[in-house]
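Report on the structure given below.
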Amino acid sequence: QVQLVESGGGLVQAGGSLRLSCAASGRSFSSYAMGWFRQAPGKEREFVADISRSGGITNYRDSVKGRFTISRDNAKNTVYLQMNSLKPEDTAVYYCAASTGYGSRSYAAAYAYWGQGTQVTVSS
């Protein structure tokens with residue numbers, strides 16, 4: 001089992017940047033693929049990005065490609081989401097999640113463990 005704690009959210013103006021962090025504790029961090037999801041008020045939770053166990057493979061939803069970067073540091077048991085050129089439509093609670101599975105991880109059911117979320121608000 002792994003426990004996940006997100007940090008780094010906040011209020012930022014459109015065009016600005018934030019870096020989210022997700023610290024993991026418990027079982028070996030490098031045995032999990034990791035993902036970031038977000039949920040805006042009144043909307044379903046949606047996939048943002050994921051990263052393989054080694055960090056060598058990443059995937060992004062189309063709307064964040066070229067603006068967001070997912071990375072991980074297995075020595076620090078942490079996964080990051082660098083968010084640049086933020087837009088008001090990026091406003092949401094952002095969650096990190098850990099997956100023991102293989103294959104596509106662009107859907108919530110692929111993840112067994114979730115953090116509590118961190119709020120990101122982008123003002124226009």
Side-chain angles (χ1 to χ4, degrees):
Q1 191 167 347
V2 63
Q3 293 77 42
L4 304 172
V5 178
E6 301 96 334
S7 61
L11 173 64
V12 65
Q13 288 189 331
S17 297
L18 284 173
R19 188 176 82 154
L20 305 184
S21 299
C22 173
S25 60
R27 187 182 160 193
S28 176
F29 177 67
S30 60
S31 68
Y32 296 94
M34 300 297 295
W36 285 97
F37 285 74
R38 66 187 181 187
Q39 187 167 19
K43 296 187 176 181
E44 293 186 354
R45 190 170 297 190
E46 64 182 21
F47 169 79
V48 176
D50 70 9
I51 188 166
S52 63
R53 289 162 175 79
S54 67
I57 300 173
T58 58
N59 295 291
Y60 300 89
R61 71 179 296 108
D62 286 346
S63 62
V64 308
K65 285 181 180 177
R67 299 190 297 123
F68 290 13
T69 302
I70 188 171
S71 61
R72 66 190 295 162
D73 186 337
N74 286 344
K76 295 182 178 180
N77 289 356
T78 303
V79 62
Y80 305 97
L81 186 67
Q82 177 67 45
M83 304 186 295
N84 299 328
S85 302
L86 282 161
K87 304 176 181 180
E89 51 264 42
D90 294 319
T91 295
V93 177
Y94 282 71
Y95 299 88
C96 73
S99 173
T100 58
Y102 293 84
S104 175
R105 290 179 294 272
S106 60
Y107 55 100
Y111 296 83
Y113 305 103
W114 293 83
Q116 84 290 348
T118 186
Q119 176 71 47
V120 171
T121 303
V122 184
S123 63
S124 58

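Checked by atom type and distance alone, the side chain of Thr91 pairs as donor or acceptor with a backbone atom of Val122 at under 3.5 Å. With Glu6 contributing its side chain and Gln116 its backbone, the two residues share a donor-acceptor pair below 3.5 Å. Of the possible donor and acceptor atoms, one in the side chain of Ser99 sits under 3.5 Å from a partner among the backbone N and O of Ala110.
Shown here are the salt bridge (charged side-chain N to carboxylate O under 4.0 Å, His left out) partners of Arg19, two or more places apart in sequence or in another chain: there are none. Residues satisfying the salt bridge (charged side-chain N to carboxylate O under 4.0 Å, His left out) test with Glu46, not counting sequence neighbours, are Arg38, Arg61. Not counting sequence neighbours, the partners of Phe47 by the ring-ring contact (aromatic ring centres under 6.0 Å, His included) test are Phe37. Take Arg105 and apply the salt bridge (charged side-chain N to carboxylate O under 4.0 Å, His left out) test, not counting sequence neighbours, and it matches Asp50.
Going from atom SG of Cys96 over to atom CD1 of Ile51 covers 12.5 Å, rounded to the nearest 0.5 Å. Taking OG1 of Thr118 as the start and CG of Leu81 as the end, the distance is 11.0 Å to the nearest 0.5 Å. Atoms OG and CD1, on Ser52 and Ile57 in that order, are 5.0 Å from each other to the nearest 0.5 Å. For the atom pair Gln1 CD and Tyr113 OH, the distance stands at 5.0 Å (nearest 0.5 Å). Considering NZ of Lys65 and OG1 of Thr58, their distance stands at 9.5 Å, rounded to 0.5 Å. Phe68 CZ to Ser63 OG: the interatomic distance, rounded to the nearest 0.5 Å, is 7.5 Å.
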- prompt: Taking it one step at a time, do Lys87 and Asp90 satisfy salt bridge (charged side-chain N to carboxylate O under 4.0 Å, His left out)?
  reply: CA-CA 5 Å; Lys87 304 176 181 180; Asp90 294 319; over 6 Å; no

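Taking hydrophobic clusters as Ile, Leu, Val, Met, Phe, Trp and Tyr residues chained together by side-chain heavy-atom distances below 4.5 Å, Val120 shares a cluster with Ile70.
Annotation for Ser124 and Pro88: closest pair CB-CG, 3.8 Å, computed over non-hydrogen atoms. A pairwise comparison of heavy atoms in Ala49 and Tyr60 identifies CB-CD2, 3.6 Å as the closest pair. The two residues Tyr32 and Ala98 make their nearest non-hydrogen contact at CD2-CB, 3.8 Å. The nearest pair of heavy atoms linking Thr78 to Lys76 is OG1-O, 2.8 Å. When every heavy atom of Cys22 is checked against every heavy atom of Met34, the shortest pair comes out as SG-CE, 4.4 Å. Nearest heavy atoms, Gln39 versus Lys43: NE2-O, 3.1 Å.
At a threshold of 4.5 Å between non-hydrogen side-chain atoms, the residues Val79 and Phe29 count as touching. Within the 4.5 Å cutoff, the side chain of Met83 has no heavy atoms near those of the Trp36 side chain.
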Pair up each side-chain donor or acceptor in residues 8-17 with any protein partner under 3.5 Å, not counting sequence neighbours, and list the distances.
from	atom 1	to	atom 2	distance (Å)
Ser17	OG	Asn84	OD1	2.9

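Through direct or relayed side-chain contacts under 4.5 Å between Ile, Leu, Val, Met, Phe, Trp and Tyr, Tyr80 connects to no other residue.
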